[in-house]
Amino acid sequence: MAPSFDHLREEDLDEEDIDMDEVDISDLREKYEVQLEQGYDTFVVIDGLPAVSEEQKPKLIKFLLKKLNTVGKTREDMIYMPMGDDGMSLRFAFVEYSSPAEASAAVRQLDYVPLDKKHTLRVNKLTDIDRYGREGRISEEFVPPKIEPFQEKEHLRWFMADPADRGRDQFVMYRGDTVGVFWNNEKDQPENIVDRQHWTETFVQWSPLGTYLTSVHAQGVQLWGGASWSRLRRFPHPFVNLVAFSPGEKYLVTWSNRPIQIPDSGHPVLTLDDDGKNYIIWDIETARPLRSFAQQDIHPEEHGPKKGPPKFPWPVFKWSADDKYVARLNQGTSISIYELPKMNLLDKQAVKIEGVMDFEWAPATVQREGVKTYEQLFCFWTPEIGNNPARVGLMSIPSKQIVRTLNLFSVSDVKMHWQSEGTYLCVKVDRHSKSKKSQATTLEIFRVKEKGVPVEVVDTIKDTVINFAWEPKGDRFVIITTPEPVGATAVPPKTSVSFFCPELKKGNQVGSFKHLRTLEKKNHNAIYWSPKGRFVVIATVHNTQSSDLEFWDLDFDGEKPENEKDLAACLQLMGTGDHYGITDVEWDPSGRYVATWASAWKHTMENGYHLYDFKGELLREEHIEKFKQWQWRPRPPTLLTKEEQKQIRKNLREYSRIFEQEDAERISSADVAVVEARRRLLNEWYAWREAIEKEVAEERAALGLPADPAAELLKRKIAEVAPDAQEQVIEEIMEEVLEETEEIVN
Amino acid sequence: MRPILLKGHERALTQIRYNREGDLIFSVSKDQQICVWFSHNGERLGTYRGHQGAIWTVDVDPTTTMIASGSADNTIRLWDVKTGRLLKTWDFPTAIKRVEFNEDGTKLVAVTEKRMGHLGTIVVLNINPDVNAEQSDEKALVIVCEESKATVAGWSYLSKYIIAGHEDGSISQYDAKTGDLLLNIPIHELNNPITDLQWSADRTYFITASKDKTAKLITAKDLEVLKTYTADTPLNSATITAKKDFVILGGGQAAMEVTTTAVRQGKFEARFYHKIFEDEIGRVRGHFGPLNTVAADPTGKGYASGGEDGYVRVHHFDKGYFDFMYEVERERANKLAQQAAQAQAAAAPATAKA
């Protein structure tokens, strides 16, 4: 089949992307590009240059050329810098590029680029200057811009103030076509705050600090919030599929698997530059796009056969903890790090790491011992290439220095897990033996905050680790292992759950990580830590046979087993639960409640939710048709200082007394209300019965019918059957064989 | 509460009725048989044979002298309870979906199916309560349902109204003498057929079950909805218990979808609700198909359920069932007992004097 435009595949299309910076195809382009527009399209005007004399001019042009040639091709004789009457330059220049594409690239990339400390380049197309700056278009007189009077807006963090003064948390439920936000009322019916039909088309999502509720539509993404639940922002990304926020809620990434098509009539927000792109990074404050990106080809697996359809990893753009950087992996070659808010490539080039497979930012800004400068860390790994070992590295940004590397051999896969404060990084390494027949897993734990980043190895694990989770803000972790390789079997294999914790040491030091306990022969496959640490839920999700939940406490206030005396944990099972068809589990942000639900997205059996408290007591369960999604509204970090928090913890007993009293009062008043309502119902019922009975009796009497028609009939029948009207007693003797024994008598 | 399993039918149950004394259970099924059982031990007393099609409905007269049955063979048949003798056969153009005697057993209302160009009708037949008498061929009354066919029908107190439930979820009230439509109210969700209609003992109110997953308690006089019981599955049947203020609902996912899902999911349970407070109180499991019919013993001692699985399960209530009371109910019972004691105390000296 000859290639033609009709069956040109999306992947075959040339993409304009950051790779352009590295691949020099300008010679090809010059040769093949069709010159459609002959004219001034290849010209740009550069403003903001310093005033130079005739002697200095060649120097400046040479200097300028260096910059100009980064985006296209131009020559010294294609720059025209007009001179004024006083022999000095007029601080601007005309530049001709070899193609209009290069000229527009120059406008996009060189505008606002600093030339030196005092001067910043402003680059515009000549045609634009002609279009916008033509005489008459610009008024001679300065008209000050009109500043809109300040309008008070709703407080977006109103949800932190519970009107009932109970510090309840909010959650969103998406069931059927309706999305509702509720206050959690523990055992009672959740209090509805807002309920809207067709609020979203696919799913809803809270922003990471809980400020916005995101709804997803074919036309784009909308953010809602405030006490009135009004629409706050719109991000028109057609056919958007997924959404990700930056951790500080400043930016938003939207993705669609369909490349954007800008219609001829134009798009209100997006420009022609966004045409064919899949990702858009938005500034939430202004609701403007910062930059768009096209999808990269998913590299086919080089080792081994392809497994299933290619998975789109998400998120593709990963954010540093401070919202300053966003990075994307170019698998096998490099990591592109962009600086916010300008979205320019950090140091204008991607960080080259040969073979890089994955990377992960530290979830918090880490203060390493002995490091004074501000930095963000990320870790990455590269597989074995030739004779070189596999490598796990830790890189500091913006310096791009590698802080620590670790060489590994016989590696089949690596997964990296940061502890929530960035204190530890656990690298889960799946190793294979020489014959590639047997598998083993080791955990390499980086102690990021300690001097020199020491690495500790936990290699007592024989089975495949299928799940791993750090205790948030803590130093313990849980893993789930399974003996058989996870494959397509009818019955998922039994799993084991292992708890690990550091050894007790004097002072504030954290001892080496030790195995605490293992629970054998379980079905569990998921770990959910309380966001405050200490408590953990081990669950079996997406399993048709079993669906149990276990609630564990790691700081149980009781006797420790002898062999665990020197470990920094006291493990205790607090409660168990069973939620048939469970698909998801989520802790509320305060760590007090756990919601579990069976989503209609996964199956249609007994959709609905359960609500547990942290110790595993079932508070509430509700079956809801077409129940799809539950999400707790996140809370922003506390404003209290460490000392204040400590103070509260110290006086907890006092506070809890007040709260318990309040709870008791509320429950008893609610009980009174319920009893009152029931009494009313009962009285209403009997009043109605009395009225209707009287009415019917009167009617009956009026018609001359007997008061009890059946009794009358029966009397007649008895008279018919047994005229002597003697009541007969019929006795029936039943014989039942209780036991039978057979004996042979001689 | 160990149920008695009645294994007499080979196909799905369609209706179960207790007689007035609660000692006999009549059950009909798609296997063309009518069975009668002793309710206290589940022994089968006998069968009534003759129908040539699935039997949809059965009813027994107030004196347990005769039973009427309606079948897909387009006949209503009247039987002698004691001997099993066929007393009379009425022929119709379409299947009979429901029959019911009025309170004195002199009239029978029947619902005919809409099929083959015939509209659904509600028919009234006069019945001679004498077993040996000749029954009339004459139809006393025919009501044609032009809007939406009737699925169930029954007699109100004093045989004053005929109440019918329709396929579109509405309930109608007809004058039992003239057949005039007095009221038609869309009570259940539109186009969710009403699957059952059962009366309170005095026929002043009734309960309806519908595919819209709710059952409603409705007055006969002005079709006012008194209570609503919401379940999580389409309902096939609902009944009102005597002695205790409960209602029993039965249902489960549609029979055709049963094979595709687990028992757990089918919701094949009888559900008990408090009649006045509308709270769900408990469930009884056991069937492995949807419940097609539930019936309460008129003496309040038990209930029976019939399922798509072909079994009838007869339950006799335990002591716990009778003892169970809401706080406010106990309060009321105590008050009544106190009043009765006082009245007695007041009456005692009077009689002593006399």
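Just so it is clear, the values below take in all heavy atoms, side chains as well, and ignore hydrogens, waters and symmetry mates. Numbered from 1 within each chain, the chains take letters A, B, ... in sequence-line order.
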For chain A, the option from B:D104, B:T204, B:L158 that forms the most heavy-atom pairs under 4.5 Å
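Of the candidates given, the most pairs with chain A belong to B:L158.
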Does the pair A:R689/B:D245 count as a salt bridge with the N-to-O cut at 4.0 Å?
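B:D245 and A:R689: not salt-bridged.
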Residue part contacting chain B, namely of A:E625, when any heavy atom lies under 4.5 Å
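A:E625 touches chain B through side-chain heavy atoms alone.
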Given B:K227 and A:L681, is the side-chain contact (heavy atoms from CB on, under 4.5 Å) satisfied, shown in steps?
CA-CA 10 Å; B:K227 306 285 173 191; A:L681 284 175; 3.6 Å; yes
Count the heavy atoms belonging to other residues, nucleotides or ligands that lie under 6.0 Å from [atom1] of [X], then report whether that count exceeds 12.
| X | atom1 | value |
| --- | --- | --- |
| B:K244 | NZ | yes |
| B:K160 | NZ | yes |
| A:Q661 | CD | no |
| B:K301 | NZ | no |
| B:E327 | CD | no |
| A:Q189 | CD | yes |

Supply the atom-to-atom distance B:T219 OG1 to A:I692 CD1, rounded to the nearest 0.5 angstrom.
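Interatomic distance, B:T219 OG1 to A:I692 CD1, rounded to 0.5 Å: 7.0 Å.
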Hey, what do you get for CD (A:E684) to CG (B:L226), rounding to the nearest 0.5 Å?
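It is 10.0 Å, given to the nearest 0.5 Å.
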Are A:L682 and B:Y326 packed together at the side-chain level, in the sense that at least one heavy-atom pair is separated by less than 4.5 angstrom?
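No; the side chains remain at least 4.5 Å from each other.
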Can you tell me which portion of [X] sits under 4.5 Å from chain A's heavy atoms? Options are side chain, backbone, both or neither.
| X | result |
| --- | --- |
| B:E21 | side chain |
| B:E278 | neither |
| B:T65 | both |

Ring centers of B:F277, A:W685 separated by less than 6.0 Å:
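No; A:W685 has its ring centre 6.0 Å or more from that of B:F277.
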Can A:V675 and B:V328 be said to form a side-chain contact (heavy atoms from CB on, under 4.5 Å), step by step?
CA-CA 7 Å; A:V675 168; B:V328 289; 3.7 Å; yes
For chain B, which candidate among A:R678, A:E699, A:H623, A:R679 shows the most heavy-atom pairs at distances under 4.5 Å?
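If we count pairs closer than 4.5 Å to chain B, A:R678 comes out on top.
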